[in-house]
Amino acid sequence: MTSQHDVYHFRDASDGSEWWRSAVIYQIYPRSFADASGDGVGDLRGIASRLPELQDLGVDAIWLSPFMTSPQKDAGYDVADYCDVDPIFGTLADFDALLAQAHARSIRVIVDLVPNHSSDQHLWFRQALESAPGSPERNRYIFRDGTGENGEHPPNNWESIFGGRAWTRIREKDGSPGQWYLHLFDSSQPDFDWSNEEVKAEFRRILRFWLDRGVDGFRVDVAHGLVKDQDFPDYTPNPDSASMGGEETPAPYFEQVGVHEIYRDWRLVLEEYDGDRALCGEAWVSSVDKMALWVRPDEMHQTFNFEYLLAPWEASELRSIIHRSLAAFSAVGAPGTWVLSNHDVIRHATRLSLVEESPQGSGIGPDFPDVPSHSEFLPRAHAATALMLALPGSAYLYQGEELGLDEVHDMPPEVRQDPTWFRTKGHRYGRDGCRVPIPWEAGEPAFGFNATGRSWLPQPERWRSLARDVQQGDERSTLSLYRRLLRLRKQFGMGQGTLEWAAGYPEGVVAFRNGDILVIANISASPVTIPADARVLAASMPLSGHQLEADTAVWLELQGDI
Ligand code: GLC
C-alpha cells in the first residue's frame with residue numbers, strides 16, 4: 001500500500017507542449033450551458049457568449065459533448081452526420097467562430113467523438129436496412145441472423161446498457177422479419193463493426209475533418225467498447241455493478257484487446273498535425289491498472305480515472321486510489337486524469353453525501369432516501385474539489401460544479417428524457433438530474449440560460465440563489481473557491497507537480513506535499529490541527545484558528561521545513 005516515500009514526478013509542460021498533462025478541462029454539455037436562440041436547448045453561440053466567464057474561472061480547455069447532427073435520442077450521442085452541426089446547436093460556421101474565440105482567449109477545445117455506434121438515421125445505417133444480408137452496406141454494422149426455428153430469438157442474451165435487450169430485429173425490404181442488429185445502447189444507436197476496414201477509414205476521415213478545423217483533441221466515447229468478442233458468447237452482467245463496465249472479468253463487448261490497435265492508428269493520425277492534439281478515452285474499466293492500458297505511449301493521451309470518481313469519501317480508500325493511480329499512470333508515462341462529475345453520473349456534490357449508493361448511470365429520484373440539502377453537502381463537496389485540484393496531472397470539471405449545483409432528483413417524471421428511464425420503464429431514473437440547464441443570473445428568465453425562460457429540463461427554484469451572478473464577488477462562494485484553486489494550481493505549477501505523502505497525520509486525513517504546497521484533507525469526523533507556521537493559501541471552508549474541521553481541505557504554503 002501507500003508508502004511515505006513514494007514521490008511521483010511528471011514531465012514539465014511549462015513550454016506549453018503536452019498541455020494535456022496538467023490541463024484543467026471544463027466539460028460543456030451544450031444542451032444545458034447557454035442558449036442564444038432561446039428555444040430552450042443550449043447552443044454554440046450561447047457557449048461563445050460565455051467564454052469570458054470561463055476565462056475568468058481559469059480553465060485551460062473545454063470539452064464539448066456532441067453537437068453534431070443527431071435526432072437527439074440520446075442527447076446527441078446518437079450521431080447521424082459526424083461532420084456537421086445539428087441545427088439545434090447552430091452551424092459549422094458557429095463552431096468555427098467558437099473555436100477561434102476560445103483560442104483567442106487561450107482556451108483549447110476538445111470535441112466528443114462517438115465511434116462505437118451511430119444514429120439509426122445515419123446514411124450508412126439507412127443503406128444497411130435497404131441492402132441484403134451479407135452486403136457491404138450491412139457489414140458496416142453488426143447484423144446477425146436470429147436463433148430459433150425462424151430466427152425469432154436474438155443472436156445472444158446481451159442486454160443494452162440502458163436496459164432491455166441489445167438486439168433489435170429488422171424487417172427486410174420485402175417486409176419479411178429479418179436479421180437482428182446489435183446496439184449496446186438504445187435501439188436508435190446501432191453498433192459499428194470495427195473489424196470492417198471501411199469503418200476504420202471513415203473514422204480516420206472524421207478525425208481529420210475536425211483536426212483540419214483546428215480542434216485540440218477528442219474525448220472518445222465508450223473507448224472500451226468498439227471491439228466485440230467475435231464468438232458473441234452469452235453474458236449476464238452483475239446487476240449491482242456500474243452499467244458501463246468495470247467488471248473484473250470483462251463483458252465480451254468491453255475491454256477486448258483489439259481496441260488498442262484502433263487508438264494506435266488514431267495516435268498516428270493526430271501526430272500528423274502540429275499543435276499537440278490529444279485523445280482522452282472514456283473507458284469504464286475496473287481498475288487503474290487496466291485504465292493505464294489506454295494511455296500507453298503510443299495510444300491515447302488521457303483516460304478518465306473513473307475509479308477515483310467512484311471512490312467513497314473515505315480517507316484510506318482515497319489514499320489508496322490516489323497512490324495506485326499515480327503508480328499505474330506514471331509507469332506508462334501518462335498523467336493522472338482526475339474527475340468527480342460528468343453528464344452520466346450523479347453530481348458529486350450530492351453523490352458524496354448520499355447514505356445509500358446508486359449504481360453509476362441509474363440516477364436518483366424523489367423516492368431516494370436522505371438526499372442531502374445544499375448546506376448539508378457543501379463542506380464535503382468543497383473539500384473533494386480542493387483535494388482533486390491539488391493532485392498532479394490533469395483534471396476535468398463538469399459545468400455547474402463550480403456553482404455547487406446538486407443533482408436534481410426531484411424533477412417530475414413526465415419531463416425526464418434519458419432513454420434509460422424509458423427502457424427500464426422508470427425502474428432506473430437515468431442521468432437527467434445532472435443535465436439541467438445551469439443558472440447564470442438570478443433575476444433573468446431561466447436564470448440567464450436564455451432570454452425566453454424556456455428550458456428543456458426544468459430548473460429548480462432553489463438554484464436561483466446559486467446563480468453565477470449571486471456568487472461572483474462573494475469570497476465564501478463555491479465559484480470563488482474554484483477560481484482561487486485554479487489560480488493557485490497554475491501559480492504553483494501543481495498540475496506538473498509531484499506528490500509526496502505527508503507523515504504524522506491521523507488515519508482519517510489525506511495529507512501530501514505537491515511541491516511547496518502541503519495539502520491536508522480532513523475526511524474524518526473530528527477536527528485536526530494544522531501546522532501553525534504555514535501560510536494558508538486556500539481553505540475549502542473558513543478555518544477556525546489552526547483547527548481543520550471535518551470535511552475540510554486546506555492548501556498551505558510551507559515556510560521552512562515542515
Ligand atoms: C457514453 C456517454 C453517454 C452516452 C453513451 C452512449 O457513456 O458519455 O452519455 O449515453 O456513451 O453513447
Side-chain angles (χ1 to χ4, degrees), residues 25 27-33 63-80 82 86 110-122 125 141 158-164 166 182-192 194 203 206 218-226 228 237 241-246 251 253-255 259 279-285 291 294 302-306 309-310 337 339-347 359-363 396 398-399 416-424 428-436 457:
I25 303 175
Q27 179 188 357
I28 292 182
Y29 195 64
R31 297 178 69 86
S32 303
F33 187 69
W63 147 33
L64 303 174
S65 276
F67 51 82
M68 295 81 187
T69 313
S70 160
Q72 303 290 317
K73 292 279 173 56
D74 183 23
Y77 283 93
D78 48 323
V79 180
Y82 287 86
D86 194 278
I110 289 178
V111 297
D112 214 311
L113 186 70
V114 188
N116 180 68
H117 47 265
S118 70
S119 158
D120 60 358
Q121 298 308 307
H122 191 285
F125 193 73
Y141 293 91
W158 293 2
E159 280 176 25
S160 153
I161 313 300
F162 292 157
L182 178 70
H183 51 89
L184 289 186
F185 296 89
D186 189 53
S187 56
S188 63
Q189 295 167 295
D191 282 48
F192 285 114
W194 271 91
F203 272 87
I206 294 165
F218 301 88
R219 176 266 187 187
V220 180
D221 193 58
V222 199
H224 56 319
L226 277 51
K228 278 78 185 177
S241 69
S243 62
M244 280 284 284
Y253 40 81
F254 286 146
E255 297 182 53
V259 293
L279 293 168
C280 178
E282 185 214 20
W284 286 92
V285 296
M291 285 170 209
W294 270 256
Q302 302 183 320
T303 190
F304 294 108
N305 189 339
F306 289 128
L309 183 151
L310 295 172
T337 303
V339 59
L340 287 168
S341 279
N342 66 31
H343 66 294
D344 289 328
V345 300
I346 298 169
R347 281 186 176 276
Q360 174 265 321
S362 291
Y396 277 76
Y398 176 53
Q399 65 177 43
R416 289 195 178 268
Q417 309 226 2
D418 187 344
T420 312
W421 165 257
F422 298 105
R423 291 183 63 89
T424 62
R428 284 164 55 198
Y429 287 99
R431 304 156 295 172
D432 291 316
C434 64
R435 297 175 172 183
V436 175
L457 287 173

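Remember, it's 1-based here, ligands and their atoms both numbered in the order they're listed. Remember, it's a predicted structure, so these values are computed and weren't measured experimentally.
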Within a distance under 4.0 Å of any heavy atom of His117, pick out the atoms of ligand 1 and give their elements.
6 (C), 12 (O)
Any luck finding a side-chain donor-acceptor pair between Gln27 and Arg219 under 3.5 Å?
no
Atom 7 (O) of ligand 1: the protein heavy-atom neighbour that sits closest, reported with distance to 0.1 Å
Glu282 OE2, 2.8 Å
Looking at Arg219, which atoms of ligand 1 are within less than 4.0 Å of one of its heavy atoms?
2 (C), 8 (O)
Please list the nearest protein heavy atom to atom 5 (C) of ligand 1 with its residue and the distance rounded to 0.1 Å.
Phe185 CE2, 3.8 Å
Are any of the side-chain heavy atoms of Trp294 and Glu282 separated by less than 4.5 Å?
no
Run the numbers for me: atoms of ligand 1, each under 4.0 Å from some heavy atom of Arg431, listed by number.
3 (C), 4 (C), 9 (O), 10 (O)
Which of Gln417, His117, Gln189 passes side-chain hydrogen bond (donor to acceptor under 3.5 Å, both in side chains) with Asp74? Answer is Gln189
Nearest-contact summary for atom 10 (O) of ligand 1 - protein heavy atom, Å
Asp74 OD2, 2.6 Å
Identify the protein heavy atom lying closest to atom 1 (C) of ligand 1, giving its residue, its atom name and the separation to 0.1 Å.
Asp221 OD1, 2.7 Å
Quick check: do Trp63 and Cys280 have side-chain heavy atoms less than 4.5 Å from each other?
no
Thr303 side chain to Met291 main-chain N or O, any donor-acceptor pair under 3.5 Å?
no
Pick one: which of Tyr398, Tyr29, Tyr77 meets side-chain hydrogen bond (donor to acceptor under 3.5 Å, both in side chains) with Ser65?
Tyr77
Below a 4.0 angstrom heavy-atom separation, can you tell me which part of Gln360, side chain or backbone, both or neither, approaches ligand 1?
neither
Among all protein heavy atoms, pick the one closest to atom 9 (O) of ligand 1 and tell me residue, atom and distance.
Asp344 OD1, 2.7 Å
So, regarding Trp284 and ligand 1 (criterion: nitrogen or oxygen to nitrogen or oxygen, under 3.5 Å), is there a contact or not?
no
Just to check, does Phe162 reach to within less than 4.0 Å of ligand 1 when the distance is taken from its heavy atoms?
yes
Run the ring-centre check on Phe254 versus Trp284 and record whether the distance is less than 6.0 Å.
no
Could you tell me which atoms of ligand 1, counted from 1 in the order shown, lie closer than 4.0 angstrom to a heavy atom of Val222?
11 (O)
Indicate whether the side chain of Tyr82 and that of Ser118 have a donor and an acceptor atom separated by less than 3.5 Å.
no
Hey, is Lys73 touching ligand 1 through its side chain, its backbone, both or neither, going by heavy atoms under 4.0 Å?
neither
Is it true that Asp120 and Lys73 make a salt bridge, defined as a side-chain N closer than 4.0 Å to a carboxylate O?
no
So is Arg435 in contact with ligand 1, going by heavy-atom distances below 4.0 Å?
yes
